[in-house]
Enquirer: 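Questions regarding the structure given below will be posed in turn.
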2 protein chains.
Amino acid sequence: MTESDSSNFIVADDHPLFREALIHAIHNCVPGAVIHEADSLASLYEVVEANPDADLLFLDLHMPGVSGFSALAYMRNNHESLPTVIVSAVDDPAVISRAIQHGASGFIPKSSPIRKIEAAINAILQGEVWLPENIDLGAGGLDNEEARIAAAMSALTPHQFRVLMMLGEGLLNKQIAYQLGVSEATIKAHVTAILRKMQVTNRTQAVLAVQRLNTREPGLVE
Amino acid sequence: MTESDSSNFIVADDHPLFREALIHAIHNCVPGAVIHEADSLASLYEVVEANPDADLLFLDLHMPGVSGFSALAYMRNNHESLPTVIVSAVDDPAVISRAIQHGASGFIPKSSPIRKIEAAINAILQGEVWLPENIDLGAGGLDNEEARIAAAMSALTPHQFRVLMMLGEGLLNKQIAYQLGVSEATIKAHVTAILRKMQVTNRTQAVLAVQRLNTREPGLVE
DNA sequence: ATACTGATTCGACTTTTGGCTAATGGTATC
DNA sequence: GATACCATTAGCCAAAAGTCGAATCAGTAT
């Protein structure tokens with residue numbers, strides 16, 4: 001009866017087909033597994049809140065509402081006890097390396113054959129950090145800036161994080177307020193708190209900071 | 001006496017050491033070559049204006065004031081007659097492919113040995129499009145968005161482009177005005193024109209558009 | 001010579017942003 | 001129960017952002 005008896009997983013990916021495939025693989029590894037799905041930042045919030053005892057989160061790097069390592073950085077500090085595995089179409093060693101440094105418990109390229117994915121799931125359930133073969137973790141280091149931004153971002157509250165992601169879409173305070181069903185005054189208060197925590201002076205700079213956590217080529221920033 | 005008798009080149013790169021090495025290689029290929037240098041967007045403007053009859057521009061992808069393909073997109077439309085070769089530390093096939101699609105006349109990785117660089121210069125002077133070996137030009141296509149943004153950006157006037165790049169650094173109108181030595185009202189007018197041409201409604205969205213021309217992993221944008 | 005186009009400049013005006021204070025209620029934690 | 005933090009809102013204010021119309025200037029076509 002109690003869910004703590006069985007394994008609880010969360011699969012966050014906006015591609016239904018891949019979600020299904022991943023769930024299938026998980027079931028093969030853990031027959032009685034209970035799996036919860038999310039296809040956006042908003043639904044990820046709901047599912048994570050509703051299942052605080054989940055054992056593992058499979059997180060896509062790109063979903064509606066979040067992009068890059070932002071969501072990972074956030075999860076690492078607001079739900080420390082929930083290990084997070086990145087599942088992504090990207091398989092650049094530098095991106096993989098950065099994901100691990102941002103606190104991911106593993107990295108599964110979407111291009112992996114089913115067997116490999118199942119092997120990855122099993123390894124991670126054993127507490128291992130699973131990576132594709134031949135990955136040099138020294139490939140892409142986090143520069144100081146990136147680490148600082150990730151730390152600042154993980155200090156944000158859930159609402160603040162959500163608002164920050166919407167700033168990242170170029171929305172007005174008024175639009176954000178409408179979409180979240182609160183007053184504009186509330187959004188302003190959130191934005192002020194965000195700017196403070198991110199140590200920037202206006203929303204454009206905040207958005208630029210978020211962009212640095214995207215999976216762009218490392219080594220280009222002077 | 002007339003400069004049109006000799007070959008005119010422009011080398012735009014913010015790394016003095018590499019600039020020197022490249023100039024040396026050019027001299028080896030074209031003994032009497034006249035070479036003009038730029039180490040920032042501002043100086044690139046000056047040099048290009050001062051030498052409208054230049055034969056070839058060597059352009060680094062990352063200089064103070066510009067980043068990614070923005071400068072290339074701009075050059076392609078405002079100085080159509082000046083062929084541009086990208087010189088970059090990046091050698092990702094997708095980046096190379098995108099550079100060519102943005103109108104570059106060649107791509108020289110900085111990691112190339114001197115001989116290769118000289119071979120590249122000779123080939124490009126013959127009118128060829130020079131690429132590193134084994135490059136699959138199908139590697140990274142421009143999505144519609146990226147092509148649209150590049151087109152919009154190349155419709156900007158020099159001043160507007162300059163202002164847009166400064167928006168991309170998170171600067172205030174006031175700061176931009178001070179740096180360019182004009183009134184804040186002028187900058188506001190430029191910004192309004194930029195927003196119109198880029199088909200966005202505020203500066204944050206304009207900055208996000210510019211970011212799409214950076215050399216980040218392609219294929220990640222949903 | 002005239003007219004037209006486009007770039008640059010700027011002031012006046014409106015809207016949006018962002019900071020500050022203050023108040024309310026909820027929810028943990030101690 | 002007290003304390004702390006979060007979310008919410010209002011109201012006020014100063015600063016910044018953005019729009020419009022207008023003047024100037026250069027180049028270009030007629």
Side-chain angles (χ1 to χ4, degrees), chain A residues 42 45-46 48-50 52 74 77-81 152-209, chain B residues 42 45-46 48-49 52 74 77-79 152-210:
Chain A
Y45 275 138
E46 291 172 19
V48 171
E49 296 300 325
Y74 173 78
N77 242 49
N78 291 57
H79 301 277
E80 311 166 27
S81 61
M153 206 173 297
S154 61
L156 298 177
T157 68
H159 275 58
Q160 287 166 4
F161 184 78
R162 185 96 180 273
V163 170
L164 177 57
M165 292 304 106
M166 295 170 92
L167 290 184
E169 294 169 25
L171 299 179
L172 300 178
N173 288 341
K174 193 183 294 187
Q175 295 172 306
I176 299 174
Y178 177 77
Q179 285 188 32
L180 297 185
V182 297
S183 86
E184 197 180 336
T186 305
I187 302 303
K188 285 187 180 182
H190 284 318
V191 171
T192 299
I194 291 168
L195 299 184
R196 224 195 273 291
K197 287 182 181 176
M198 305 277 295
Q199 298 178 32
V200 294
T201 60
N202 61 54
R203 60 173 58 209
T204 302
Q205 289 176 2
V207 169
L208 286 169
Chain B
Y45 276 136
E46 292 172 19
V48 171
E49 296 301 326
Y74 173 78
N77 242 48
N78 290 58
H79 300 276
M153 206 172 300
S154 61
L156 298 178
T157 68
H159 276 58
Q160 288 166 3
F161 184 78
R162 185 97 180 273
V163 170
L164 176 58
M165 292 304 107
M166 296 172 90
L167 291 183
E169 295 170 22
L171 298 180
L172 302 178
N173 288 339
K174 191 183 295 187
Q175 296 173 306
I176 299 173
Y178 177 76
Q179 285 188 31
L180 297 186
V182 296
S183 85
E184 197 180 334
T186 305
I187 301 303
K188 288 183 182 180
H190 283 317
V191 171
T192 297
I194 292 168
L195 300 184
R196 227 192 272 291
K197 288 182 180 175
M198 305 274 296
Q199 298 179 33
V200 294
T201 60
N202 61 53
R203 62 171 55 209
T204 302
Q205 290 175 2
V207 168
L208 287 168
V210 172

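Chain identifiers are assigned alphabetically (A, B, ...) following the order of the sequence lines, protein sequences preceding nucleic acid strands; residue numbering begins at 1 within each chain. These numbers were taken from a predicted model, which means no experiment stands behind them.
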Enquirer: For the residue pair B:Leu164 and B:Ala206, what are the closest heavy atoms and their distance?
Expert: CD1-CB, 4.1 Å

Enquirer: Of all residues at least two apart in sequence or in a different chain, which pass the side-chain contact (heavy atoms from CB on, under 4.5 Å) check with B:Thr201?
Expert: B:Gln205

Enquirer: Between B:Val207 and A:Thr204, which heavy-atom pair has the shortest distance, and what is it?
Expert: CG2-CG2, 3.9 Å

Enquirer: Using side-chain heavy atoms (C-beta onward) and a distance below 4.5 Å, is B:Leu156 in contact with B:Met153?
Expert: yes

Enquirer: Can you name the closest pair of heavy atoms from A:Lys197 and A:Ala152 and give their distance?
Expert: O-CB, 3.5 Å

Enquirer: Work out which heavy atom in A:Gly170 is nearest to a heavy atom in B:Leu208; give both atom names and the distance.
Expert: N-CD1, 3.8 Å

Enquirer: Atom CG in A:Asn78, atom CD in A:Glu49: separation rounded to 0.5 Å?
Expert: 9.0 Å

Enquirer: Side chains of residues 171-180 of chain B: which donor-acceptor partners sit under 3.5 Å, not counting sequence neighbours?
Expert:
residue  : atom : partner  : partner atom : Å
B:Asn173 : OD1  : B:Arg203 : NH2          : 2.3
B:Gln175 : OE1  : B:Leu172 : N            : 2.8

Enquirer: Output all residues satisfying ring-ring contact (aromatic ring centres under 6.0 Å, His included) with A:Tyr74, sequence neighbours left out; order by chain, then residue number.
Expert: A:Tyr45, A:Phe161

Enquirer: Output one letter per nucleotide in nucleotides 8-24 of chain D: B when a protein non-hydrogen atom lies under 4.0 Å from the base, S when only the sugar-phosphate is that close, - when neither is.
Expert: SBB-----SBBBS----

Enquirer: Between atom CZ in A:Phe161 and atom P in D:dC6, what is the gap in whole Å?
Expert: 16 Å

Enquirer: Using the C1' atoms of five pairs at each end, what's the angle between the two axes of the helix from C:dA1-D:dT30 to C:dC30-D:dG1, to 10 degrees?
Expert: 30°

Enquirer: Could you tell me the boundaries of the chain B footprint on DNA chain C, defined by atoms under 4.0 Å from its heavy atoms?
Expert: C:dA7 to C:dG11

